[in-house]
Protein chains: 2
Amino acid sequence: MIRVLIADDHDLLREGLEQALGAVPDIQVLGTASSGKDLMDRLEEVTPDVIMVDVDMPEMTGLDALRQLKDRPPAIVVTMHESPVVLDQAVEAGAVGFLSKSTPLPRLAAAMRAAAAGEGFIDADYDLTDHMEPVLDPGAAALTARERELLSLLATGVSSTHELADKLFISQKTVKNHLASIYDKLAVSDRAQAAVEAIRLGL
Amino acid sequence: MIRVLIADDHDLLREGLEQALGAVPDIQVLGTASSGKDLMDRLEEVTPDVIMVDVDMPEMTGLDALRQLKDRPPAIVVTMHESPVVLDQAVEAGAVGFLSKSTPLPRLAAAMRAAAAGEGFIDADYDLTDHMEPVLDPGAAALTARERELLSLLATGVSSTHELADKLFISQKTVKNHLASIYDKLAVSDRAQAAVEAIRLGL
DNA sequence: AAAAATCTGGTGCTTCCGACCCATGGAGGC
DNA sequence: GCCTCCATGGGTCGGAAGCACCAGATTTTT
């Protein structure tokens with residue numbers, strides 16, 4: 001019997017999955033969490049064999065929670081952002097599995113069994129090649145920490161050089177330099193496109 | 001017994017919901033669809049009492065499917081975009097119910113019962129007031145057809161005045177005029193912010 | 001220890017964008 | 001008929017953004 005914990009901010013998905021996974025013979029849902037913080041709290045109370053974590057959650061991202069958690073059960077990251085960039089970030093955050101939300105449920109169950117057995121499970125079902133060429137360029141998507149920070153701000157609507165510089169405590173020129181290298185890496189040419197990409201990549 | 005059809009592109013949500021709703025005594029899941037087109041096809045085969053439709057789906061948007069369907073069962077729109085603009089569009093597309101994906105499952109069941117009984121059901125649980133003031137401004141979010149068209153392009157990464165003008169077959173000056181009025185209505189000041197808003201609003 | 005990458009900042013230049021002014025023709029409401 | 005809104009287009013102008021190239025300090029990697 002594999003004991004799992006589910007972290008997703010959408011009640012409909014969470015409650016639905018709880019029910020559906022509970023119907024699988026060798027899987028038992030120990031509990032659920034609706035945010036990264038919530039997940040961390042729950043892991044103090046229960047110790048599941050596997051945790052399923054959504055990337056996009058309020059309060060704290062699923063990936064952020066994984067990064068902060070030491071000595072936690074193997075984690076399977078589930079997201080609607082089917083992008084190699086998010087996959088990279090998930091792996092970097094210590095995930096052993098990566099699945100799209102469009103993955104059929106049996107596949108999730110299989111991933112959980114694999115994770116519980118100490119194996120990895122990366123979903124290769126969805127097609128990453130059609131709209132991801134620029135990002136797939138070797139090393140291209142490797143945004144630095146500062147670049148990600150800036151891009152995240154951009155994705156939340158902070159668009160002017162001035163504001164960005166203020167929030168990051170750096171000069172406007174440095175903002176422009178970071179932006180230029182972001183444009184280069186994401187294969188875009190202005191802030192609007194960069195913001196669209198950033199959101200699409202789930203930042 | 002209320003017979004429902006579920007349209008959502010995420011297998012995990014769809015299969016989970018199917019299972020969970022099937023466990024509700026007075027609800028029976030007749031079938032599922034994974035896109036707007038799929039939904040239209042399924043409605044040729046079965047005639048549920050209520051349909052649950054996700055907004056964001058590949059191939060064809062849930063709202064587009066609703067607009068094209070004549071003589072269909074009452075529809076409950078479910079989305080992760082908790083915004084009055086999306087709500088407006090859902091109502092305009094003929095939805096009788098509107099729910100966030102963060103809504104608890106019993107509430108979805110209640111909405112389905114209400115819809116089957118010929119009543120409406122608008123979710124008022126989530127907080128629209130904290131980050132939506134500008135858009136809530138009376139009439140402010142009332143983008144015109146052309147403005148929406150332009151904004152959609154912007155949200156897909158078409159950012160330069162030149163490209164926008166080409167794709168819409170209008171002069172660059174008209175593009176700028178439309179943009180200016182979009183900025184006004186969305187309370188933003190440049191394309192990057194407009195793009196972020198557009199995506200957040202689910203365009 | 002050496003090399004590479006990152007973060008920080010600079011100059012100069014050109015292009016683009018956003019703000020504000022306006023006008024015309026058509027569709028729809030009163 | 002009149003008035004408002006919408007879509008289309010024009011012009012100007014200051015400031016912002018993007019581009020190219022450069023460079024020192026620190027960190028990370030090799």
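Here is the naming used below: chain letters follow the sequence lines, and residue numbers restart at 1 for every chain.
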*Asks:* Let me confirm one number: the CG-CD distance from B:Leu154 to A:Gln193, rounded to the nearest 0.5 Å.
*Replies:* 9.5 Å

*Asks:* With a 4.0 Å cut-off on heavy atoms, is A:Ala145 in touch with a base, just the backbone sugar-phosphate, or nothing at all?
*Replies:* sugar-phosphate

*Asks:* Once you round it to whole Å, what is the distance between C1' of D:dA7 and CG of B:Leu168?
*Replies:* 12 Å

*Asks:* Hey, does A:Leu39 have a side-chain heavy atom less than 4.5 Å from the side chain of A:Leu5?
*Replies:* yes

*Asks:* Atom NZ of A:Lys173 to atom C1' of D:dG24: distance rounded to whole Å?
*Replies:* 15 Å

*Asks:* Give a yes/no on whether any side-chain N or O of B:Thr144 is located under 4.0 angstrom from OP1 or OP2 of D:dA7.
*Replies:* yes

*Asks:* Using the C1' atoms of the five pairs at each end, what is the angle between the end axes of the helix from C:dA1-D:dT30 to C:dC30-D:dG1, to 10°?
*Replies:* 60°

*Asks:* Quickly work out the B:Ile170 CD1 to D:dC6 P distance and round it to whole Å.
*Replies:* 15 Å

*Asks:* Whole-Å distance between D:dT8 C1' and B:Leu150 CG?
*Replies:* 13 Å

*Asks:* Starting at CG of A:Asn177 and ending at P of D:dA17, how long is that distance when rounded to a whole Å?
*Replies:* 14 Å

*Asks:* Verify the contact: side-chain N or O of A:Arg191 to OP1 or OP2 of D:dG18, cut-off strictly under 4.0 Å; return yes or no.
*Replies:* yes

*Asks:* Hey, where on DNA chain C does chain A first and last touch, going 5' to 3'? Cut-off is any atom under 4.0 Å from a heavy atom.
*Replies:* C:dT6 to C:dT11

*Asks:* Might you point out which heavy atoms bring B:Thr79 and B:Phe98 nearest each other, and give the distance in Å?
*Replies:* CG2-CZ, 3.6 Å

*Asks:* Any ion pair linking A:Asp38 and A:Arg42 (charged N to carboxylate O, less than 4.0 Å)?
*Replies:* yes

*Asks:* Under 4.0 Å between a side-chain N or O of B:Thr174 and OP1 or OP2 of D:dG9?
*Replies:* yes

*Asks:* How long is the gap from CG on A:Asp166 to CD on A:Gln172, to the nearest 0.5 Å?
*Replies:* 7.5 Å

*Asks:* Any sub-3.5 Å donor-acceptor pair from A:Arg3's side-chain atoms to A:Leu30's backbone N or O?
*Replies:* no

*Asks:* Rounded to whole angstrom units, what separation is found between the CG atom of B:Asp184 and the P atom of D:dC6?
*Replies:* 12 Å

*Asks:* For A:Val55, run the side chain to side chain contact (heavy atoms under 4.5 Å, CB included) check against A:Val78, A:Asp8, A:Leu66, A:Leu63 and tell me which one passes.
*Replies:* A:Leu63

*Asks:* Just the rounded figure in Å: distance from C1' of D:dG15 to NZ of B:Lys176.
*Replies:* 12 Å

*Asks:* Take atom CD of A:Gln172 and atom C1' of D:dG18, then tell me their distance rounded to the nearest Å.
*Replies:* 14 Å

*Asks:* Quick one: label B:Asp190 by what it contacts on the DNA or RNA (base, sugar-phosphate, nothing), any heavy atom closer than 4.0 Å.
*Replies:* sugar-phosphate

*Asks:* So what does B:Ser181 touch, heavy atoms closer than 4.0 Å: a base, only the sugar-phosphate, or nothing?
*Replies:* nothing

*Asks:* Could you check A:Glu147 against A:Ser181 for side chain to side chain donor-acceptor pair (under 3.5 Å), going step by step and ending with a plain yes or no?
*Replies:* CA-CA 8 Å; A:Glu147 286 163 2; A:Ser181 83; 2.5 Å; yes

*Asks:* Hey, could you give me the OG/CZ distance between A:Ser159 and B:Arg191, rounded to the nearest 0.5 Å?
*Replies:* 12.0 Å

*Asks:* Do the charged groups of B:Asp56 and B:Lys101 touch, with an N to O distance under 4.0 Å?
*Replies:* no

*Asks:* Does D:dT8 have its OP1 or OP2 closer than 4.0 Å to a side-chain nitrogen or oxygen of B:His178?
*Replies:* yes

